[in-house]
Amino acid sequence: MLSTVSAPRLRIAPSPTGDPHVGLAYITLFNYVLAKKFGGKLILRIEDTDQERSKASSEELIMESLRWLGLSWDEGPDVGGPFGPYKQSERKAIYRTYVDKLLSSGKAYPCFCSNARLSEVRQEQRAKGLTTGYDRHCRALKEGERAALLGQSTAYTIRLAVPLGGSTTIRDELRGPIEFTNEMIDDQILLKSDGMPTYHLANVVDDHLMEITHVIRAEEWISSTAKHKLLYQAFGWQEPQFIHMPILRNEDKSKISKRKNPVSLNYYRRKGILPKTMLNFLALMGWSYSADNEIFTLEQMIEKFQLRDIHLGGPVFDLVKLGRLNQHYLQQLSPDEFAEFVRAEIFSTDFLKSLHPLVKDRLEVFEQFVDRNSFFFNGALDYSALVIVPKGKEAGEFNEGMAELLLLLDDLYLWSEAELHTLMENHRAKLSWKSKDYFMPVRLIISGRPDSPPLAASMALIGREMVRFRLRDYLKKNSHI
RNA sequence: GUCCCUAUCGUCUAGCCUGGCCCAGGACACCGCCCUUUCACGGCGGCGACGGGGGUUCAAAUCCCCCUGGGGACGCCA
């Protein structure tokens with residue numbers, strides 16, 4: 001299954017668009033294990049081709065989270081390597097030259113269609129119950145027309161000219177051959193009108209140039225793999241082996257999402273999950289160490305790992321089991337490790353410093369600190385002794401307002417005190433609730449007490465996932481009455 | 001809607017490739033008992049699954065087909 005000729009080269013290719021995701025840790029783990037097992041290399045490549053959504057801050061967070069887990073890489077933007085640069089935004093010129101090759105061999109063509117026309121076409125297809133995809137309008141252009149448009153348009157895209165007949169069969173190392181009729185494959189955009197490549201192009205070009213031998217990624221990529229294979233063929237390149245891991249699921253079996261589940265690695269870190277717990281737990285998602293033992297180290301996993309032992313059913317990310325596993329590992333901690341862990345992860349100096357402005361004026365003596373501010377460190381809160389729904393307001397209406405807030409918080413781009421303040425004030429105004437009918441209940445849900453420090457600042461510190469978790473938790477406990 | 005993937009206890013899974021050792025094993029959760037001045041930990045026990053239907057075979061959780069369920073993809077996102 002694995003070529004033993006040379007050491008494998010694997011890569012992880014996160015897109016820096018938000019908090020580091022458990023899905024990334026999951027995929028990284030398996031890439032890491034396979035690389036280590038066969039003495040290969042793991043490459044970190046930042047896929048920041050989406051200029052709208054990519055954030056430099058997210059890049060650092062991603063690396064920090066992976067380091068926390070103890071999953072290291074051999075080549076990447078921070079450590080360098082012989083195949084750099086390792087950030088796609090810095091490889092723009094490279095992609096352009098490869099697109100030109102495709103253009104001159106007729107394997108790709110420029111497309112001048114506007115977004116408006118594209119969505120119109122899509123809508124029409126959907127209405128007719130057809131598969132949606134580009135109608136190849138610009139592929140049919142005559143040479144003269146094309147030249148003319150090229151002369152006057154500044155913004156156009158480049159699309160892959162997918163063969164009109166036949167089929168493309170990809171091979172997944174876990175599933176075997178998977179066949180796609182070429183009719184079903186869209187003339188994928190390779191180069192966006194801003195000159196940046198799309199994932200499909202950048203990914204294939206980079207995997208080739210970086211000599212990647214095995215691509216381990218999530219199952220959601222299977223259908224795109226046909227496009228990738230076509231690209232490899234168009235370039236005349238040997239494709240890597242593809243391994244698609246099952247997708248992590250929410251409790252309801254849908255693809256894991258922040259709407260329904262905490263997905264940020266930072267959330268779990270702050271919650272006090274140990275790296276080895278997370279690794280052990282993630283390994284159990286689709287793989288097992290043995291029939292009667294599920295506690296094992298990364299090293300043991302590397303030793304025993306076999307691709308063929310991966311189970312393809314989509315595993316539910318079970319918080320209860322994660323917690324129990326962590327308890328086991330916590331029990332094993334030595335006094336030194338215990339002290340170090342609490343100091344580094346729970347009462348970290350950085351966190352205490354950021355708490356300082358919120359709590360300093362409210363304290364007479366330090367003994368009040370822990371009790372009054374426990375909600376900064378806790379998980380779920382107990383609301384049973386609190387009256388949260390404001391007087392004169394229907395529980396139903398109130399809960400709807402809170403559910404709406406939950407969604408707004410999810411969409412908030414920048415998680416900061418100022419942004420939170422504005423968001424809530426706007427939401428309150430939109431609902432036209434009185435200030436005290438809005439802010440006090442939210443305060444109670446978030447902090448569990450009426451005398452907590454300023455709300456927006458507290459929320460900023462507690463973090464998006466915990467804030468959303470508490471709102472969700474409150475609604476879960478109270479909305480079905 | 002179209003295409004693709006997938007299917008063992010509520011959940012994570014072992015077993016499936018190489019059919020009999022499986023009236024299906026482990027773990028989490030749950031229930032009970034023991035330990036214990038509390039709560040936990042720990043120990044012991046219990047509940048609990050091969051989605052359905054057809055084949056193939058002396059024999060099927062294991063191989064094949066159909067159905068059904070679940071999921072994913074169908075973006076100038078990755």
Side-chain angles (χ1 to χ4, degrees), chain A residues 1 13-18 21 23-24 45-54 88 111-115 118-119 122 125-134 155-159 167 170 172 174-186 188-203 217-227 244-256 280-295 306 308-328 330-331:
Chain A
M1 188 175 291
S15 164
T17 52
H21 197 279
L24 172 66
R45 184 174 71 223
I46 301 291
E47 307 227 328
D48 54 350
T49 53
D50 186 339
Q51 297 183 304
E52 299 261 302
R53 295 197 308 157
S54 290
Q88 291 186 329
C111 171
F112 309 91
C113 293
S114 65
N115 266 319
L118 257 22
S119 69
R122 215 170 286 140
Q125 290 167 327
R126 212 151 249 166
K128 285 186 193 156
L130 300 167
T131 310
T132 54
Y134 183 51
Y156 55 89
T157 62
I158 306 293
R159 285 180 185 273
S167 67
I170 63 158
D172 176 280
L174 304 174
R175 287 162 256 255
I178 301 169
E179 184 179 356
F180 295 89
T181 342
N182 287 341
E183 298 171 48
M184 298 306 304
I185 305 174
D186 201 15
Q188 186 60 48
I189 291 183
L190 302 176
L191 208 64
K192 307 182 215 177
S193 55
D194 66 1
M196 275 293 191
T198 56
Y199 169 86
H200 306 283
L201 200 236
N203 198 261
R217 64 201 340 177
E219 189 181 358
E220 58 197 347
W221 290 105
I222 288 182
S223 40
S224 302
T225 308
K227 293 171 186 171
H244 292 96
M245 297 298 295
I247 293 175
L248 263 22
R249 312 283 182 98
N250 297 313
E251 214 174 323
D252 65 1
K253 304 275 188 160
S254 55
K255 174 162 107 171
I256 197 166
N280 192 155
F281 180 71
L282 254 13
L284 254 11
M285 307 274 91
W287 188 75
S288 66
Y289 183 74
S290 73
D292 52 11
N293 174 35
E294 54 178 33
I295 309 280
Q306 291 242 71
R308 60 149 60 131
D309 292 335
I310 289 169
H311 177 85
L312 297 174
V316 171
F317 194 88
D318 182 358
L319 277 351
V320 178
K321 181 143 182 173
L322 208 215
R324 195 50 150 72
L325 234 202
N326 200 54
Q327 177 180 31
H328 170 83
L330 250 19
Q331 288 169 347

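Each chain gets a letter, A, B and so on, in the order the sequences are listed, and its residues count up from 1.
Look at rC30(B): its Watson-Crick or wobble partner, with both distances under 3.5 angstrom, is rG46(B). Pairing partner, rU2(B): rA73(B), with both Watson-Crick or wobble hydrogen-bond distances short of 3.5 Å. Partner assigned to rC22(B) is none, using Watson-Crick or G-U wobble distances below 3.5 angstrom. Applying the Watson-Crick and G-U wobble criteria (two distances, each under 3.5 Å), rC35(B) pairs with nothing in any strand. A 3.5 Å limit on both hydrogen-bonding distances identifies rU68(B) as the Watson-Crick or G-U partner of rA7(B). Using the Watson-Crick or G-U wobble rule with both distances under 3.5 Å, rA14(B) pairs with nothing in any strand shown.
The separation between Q188(A) atom CD and rC74(B) atom C1' is 10 Å, rounded to whole Å. The nearest whole Å value for the distance from the OH atom in Y134(A) to the C1' atom in rA73(B) is 21 Å. F281(A) has its CZ atom 10 Å from the C1' atom of rC28(B), to the nearest Å. Taking atom CG of D252(A) as the reference point, atom C1' of rG10(B) lies 14 Å away to the nearest angstrom. Note: CZ (F180(A)) to C1' (rC4(B)) measures 5 Å, nearest angstrom. Rounded to a whole Å, the NE2 atom of H244(A) is 11 Å from the C1' atom of rC5(B). Atom pair I256(A):CD1 and rA78(B):P shows a separation of 22 Å (rounding to whole Å applied). Rounded to whole Å, atom P of rC28(B) lies 13 Å from atom CG of N280(A).
One finds no side-chain N or O of S254(A) lying less than 4.0 angstrom from the OP1 or OP2 phosphate oxygen of rG71(B). Look at K192(A) and you'll find a side-chain N or O under 4.0 angstrom from OP1 or OP2 of rA78(B). R122(A) has a side-chain polar atom (N or O) that falls below the 4.0 Å cut-off from OP1 or OP2 of rG75(B). A sub-4.0 Å separation between OP1 or OP2 of rC12(B) and a side-chain N or O of H311(A) is absent. Contact annotation: T132(A) side-chain N/O to rG75(B) OP1/OP2 distance is under 4.0 Å. The phosphate of rC5(B) has neither OP1 nor OP2 within less than 4.0 Å of any side-chain N or O from S223(A).
In plain terms, the two heavy atoms of L312(A) and P246(A) that are nearest each other are O-CB, 3.6 Å. The two atoms that bring I295(A) and H328(A) nearest to each other are CG2-NE2, 3.6 Å, heavy atoms only.
For M285(A), the listed nucleotide lying nearest its side chain is rC12(B); candidates were rU6(B), rC12(B), rA29(B). Proximity note for S193(A) (side chain, C-beta onward) versus rC76(B), rC77(B), rG71(B): the nearest is rC76(B). Looking at the side chain of Y199(A), the nearest of the listed nucleotides rG71(B), rC3(B), rA78(B) is rA78(B). Looking at the side chain of R175(A), the nearest of the listed nucleotides rC76(B), rC77(B), rC5(B) is rC5(B). Nearest nucleotide to the side chain of I247(A), out of rC12(B), rU2(B), rG72(B): rG72(B). Looking at the side chain of R249(A), the nearest of the listed nucleotides rU18(B), rG71(B), rC5(B) is rG71(B). Minimum atom distance to the side chain of V316(A) is reached by rU11(B), of the listed rC3(B), rA14(B), rU11(B). Residue K253(A) has its side chain nearest to rG70(B) when only rG70(B), rC76(B), rC5(B) are considered. Taking every side-chain heavy atom of A291(A) into account, rA14(B) is the closest of rC12(B), rA40(B), rA14(B). Among the nucleotides rC76(B), rA40(B), rC12(B), the one closest to any side-chain atom of N115(A) is rC76(B).
The 5' end of RNA chain B is approached more closely, in terms of each residue's nearest nucleotide, by R324(A) than by the other of R324(A) and S114(A). With the nearest nucleotide of RNA chain B identified for both E179(A) and D48(A), E179(A) has the one nearer the 5' end.
Side-chain atoms of D252(A) come within 3.5 Å of backbone atoms of S254(A) as a donor-acceptor pair (strictly under, hydrogens ignored). A donor-acceptor distance shorter than 3.5 angstrom exists from the side chain of S290(A) to the backbone of N293(A), with no hydrogens or angles considered.
Among I310(A), L248(A), D318(A), the single residue meeting the side chain to side chain contact (heavy atoms under 4.5 Å, CB included) criterion with M285(A) is L248(A). Partner P197(A) forms a side chain to side chain contact (heavy atoms under 4.5 Å, CB included) with one of T49(A), I158(A), L190(A) and no other, that one being T49(A).
Among the atoms of the strands shown, only primed sugar atoms or phosphate atoms (P, OP1, OP2) are found under 4.0 Å from some heavy atom of Q327(A). Using a 4.0 Å heavy-atom criterion, one finds that W221(A) contacts the bases of the nucleic acid, with or without backbone contacts as well. Heavy atoms of E47(A) sit under 4.0 angstrom from primed sugar atoms or phosphate atoms, though from no base atom.
Between the side chain of K321(A) and the base of rA29(B), no donor-acceptor pair of N or O atoms lies under 3.5 Å.
Atom P of rG72(B) sits at a distance of 35 Å from the matching atom of rG55(B), rounded to the whole Å. Taking the C1' atom of each, rC63(B) and rG43(B) are spaced 43 Å apart, rounded to whole Å. Comparing the P positions of rC28(B) and rC66(B) gives an interatomic distance of 40 Å, to the nearest angstrom. With C1' as the reference atom, rC31(B) and rC23(B) are 24 Å apart, rounded to whole Å. rA7(B) and rG20(B) are spaced 24 Å apart, taking the C1' atom of each and rounding to whole Å. The same atom, P, is picked in rG53(B) and in rU68(B); the two are 15 Å apart, to the nearest Å. For the C1' atom pair drawn from rC17(B) and rA61(B), the interatomic distance equals 14 Å after rounding to whole Å. As rounded to the nearest Å, rG54(B) and rG71(B) have P atoms that lie 28 Å from one another.
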After noting the C-alpha distance and the side-chain angles of K255(A) and E219(A), does the key distance pass the salt bridge (charged side-chain N to carboxylate O under 4.0 Å, His left out) rule?
CA-CA 10 Å; K255(A) 174 162 107 171; E219(A) 189 181 358; over 6 Å; no
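In this structure, rC41(B) shows a glycosidic angle within 90 degrees of zero, which is the syn conformation.
Rounding to the nearest 0.5 Å gives a distance of 7.5 Å between CD1 of I178(A) and OG1 of T225(A).
A perpendicular orientation is assigned to the rings of H200(A) and W221(A), their planes being inclined by more than 60° (bins at 30° and 60°).
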